[in-house]
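This report concerns only the one structure given below.
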Protein chains: 2
Amino acid sequence: MQGMKIGALAARTGTSVPTIRYYEAIGLLQRAARQESGQRLYSSEDIGRLTFIRRCRDFDFSIAQVRVLVDLLRDPSSTCTTARDLAAAHLVSVRDKMRELRALARSLESFVHDCDTACGGRSGPDCTVLGQMRRGERTAPPRRARSIAAAPGRA
Amino acid sequence: MQGMKIGALAARTGTSVPTIRYYEAIGLLQRAARQESGQRLYSSEDIGRLTFIRRCRDFDFSIAQVRVLVDLLRDPSSTCTTARDLAAAHLVSVRDKMRELRALARSLESFVHDCDTACGGRSGPDCTVLGQMRRGERTAPPRRARSIAAAPGRA
DNA sequence: TCTAGAACCTCAAGCTACTTGAGGGTCAAG
DNA sequence: CTTGACCCTCAAGTAGCTTGAGGTTCTAGA
C-alpha cells in the first residue's frame, strides 16, 4: 500500500481523524505528504509512528513526554534508559493518584452512609451532612496533582 | 466582623484570591458586596458558603455538581437524597477510575521491568520495548473517562 | 503629610488534549 | 452528472482555574 488517506489511517490505528490532524498541527506527527488536491497521504511507516504515539497515550504519558519518546525512537545515539526513567517516574505518580482516590472513595462512602443514617432525607438546609460541610467539619482529602488523566476524554 | 476583604476570605478558606473572583464570575458565588472603591466585602456567612464549595471540590465534585449542591443547601423544599445520590454516583466513577489506574500501574511496572531485563539500555531505535509499542504489541489499558481529576491542579 | 509597598481591581490569555462546528472542496459510484 | 462519503482549513469550545498586564486603593511608617 503506497498511500492511504487519513480515514484509513484513523481506522487502522484507532485514532479519530481530527486527532490525527491535531497531532500534525502540534508537530507530534510530521507534516504528511499531500495529493495535488491537498488530501493527506500516509505510508505504512506512518502507521507505525502513530501506533507508537497511541500506545504511549494509552500509557497515559503526556504529549510532552510522548514527544521525548518519539524522539528517542528515531535517535540512534539515545538510550532506552530515558524511556525507562520516564515510565518509572510516571508509575510513581500513578501510585500517588491511586492513594488519593482510595482516600477519596472512603470519604465518599461515609458521606453516602451518613446521608442515609445520620440525616435520612431531610431538606437541604437541614441536612446534617451538608451542614457539616458548610462548617468545614466534614472533609475529604485535598485534591492535588492533576497530572494523571488531566484532560477531557476521547470519545 | 462586619466585612472582610478578599484576601482575608482567601486565607480563612484556603482558596486563592483569583479563584474566589473566578467563582464569582461564573456565578458559583453570588456577586459580593463592594466598598465605594469597588473592593469586595464579605460577611461571615460568605465564609460558610465558600467553605462548603471548597469541601465539595475536595470531594472532587465538578463545578456543575457543586452548583446543584449549593442550590440544595439553600432550598428548603429540597431533599438531602439528591446529595446522597450525587455522591453515590460519584463514588462509582471513582472506583472505576481506581480500577483503571490499577491496570495502568501494572502495565507500567512491566514496561519498566522489561526495559531493565529484556532490553537493558540499548539505543532508542533498537529498544525492544519501544519496538513493541511501535508495532502495537505492547499495550496499556485504553484511557477512558476523564471525569475524575479532570482539570489542572491548584497550587 | 507624604510615600512605598501590599493588596485590590478588571480584562485577556494560557494551560491540556482534544472535540465540535462552520463553510466549503474532492472523489468514487451509479 | 449527481449524490453522498470523505476530505480540507480555520475557529471556538471543553474544565477549572492560573498568570499577566496595566492600573487603583489602602495602610503603615517617616
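Chain A is the first sequence line, chain B the second, and so forth, proteins listed ahead of strands; every chain is numbered from 1. Predicted model, so just to flag it, every value in this text is computed and none were measured. Side-chain atoms are counted along with the backbone in the values below, which use heavy atoms only and exclude waters and symmetry mates.
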### Query
If you check the B:Lys5 side chain, which of C:dC8, D:dT18, C:dC27 turns out closest?
C:dC8
### 5′-ward residue of the pair B:Ile63/B:Pro18 relative to DNA chain D
B:Ile63
### Query
Under 30°, 30 to 60°, or over 60°: which ring-plane class applies to A:Phe61 and A:His90, parallel, tilted or perpendicular?
tilted
### Message
Using the side-chain heavy atoms of B:Gln39, tell me which of these nucleotides is nearest: C:dT19, D:dT25, D:dC8.
### Response
D:dT25
### Query
OP1 or OP2 of C:dT19 less than 4.0 angstrom from a side-chain nitrogen or oxygen of A:Thr19, does that happen here?
yes
### Query
OP1, OP2 of C:dA17 versus side-chain N and O of A:Arg21: anything below 4.0 Å?
no
### Task
Could you tell me whether A:Ile26 contacts a base, only the sugar-phosphate backbone, or nothing, with contacts defined as non-hydrogen atoms closer than 4.0 Å?
nothing
### Message
Please compare A:Val17 and B:Ser16 by the position of their nearest nucleotide in DNA chain D and report the one closer to 5'.
### Response
A:Val17
### Message
Taking only side-chain N and O atoms of B:Ser37, does any of them lie within less than 4.0 angstrom of OP1 or OP2 on C:dC8?
### Response
no
### Message
Pairing donors with acceptors under 3.5 angstrom, does anything connect the side chains of B:Gln35 and B:Arg40?
### Response
no
### Message
Any base atoms under 4.0 Å from B:Arg40, or only sugar-phosphate, or nothing? Heavy atoms, all strands.
### Response
sugar-phosphate
## Note on the structure
Quick note, B:Tyr22 side chain, CB onward, closest among C:dT10, C:dA17, D:dG16 is D:dG16
### Task
Indicate whether OP1 or OP2 belonging to D:dC17 is found under 4.0 Å from a side-chain N or O atom of B:Tyr23.
yes
### Message
Under 3.5 Å, is there a donor on one side chain and an acceptor on the other for B:Glu45 and B:Ser43?
### Response
no
## Note on the structure
The nucleotide from C:dT26, D:dC8, D:dC17 with an atom nearest the side chain of A:Ile6 is D:dC8
#### Entry: Same cluster (ILVMFWY, side-chain, under 4.5 Å), A:Val112 and B:Phe52
no
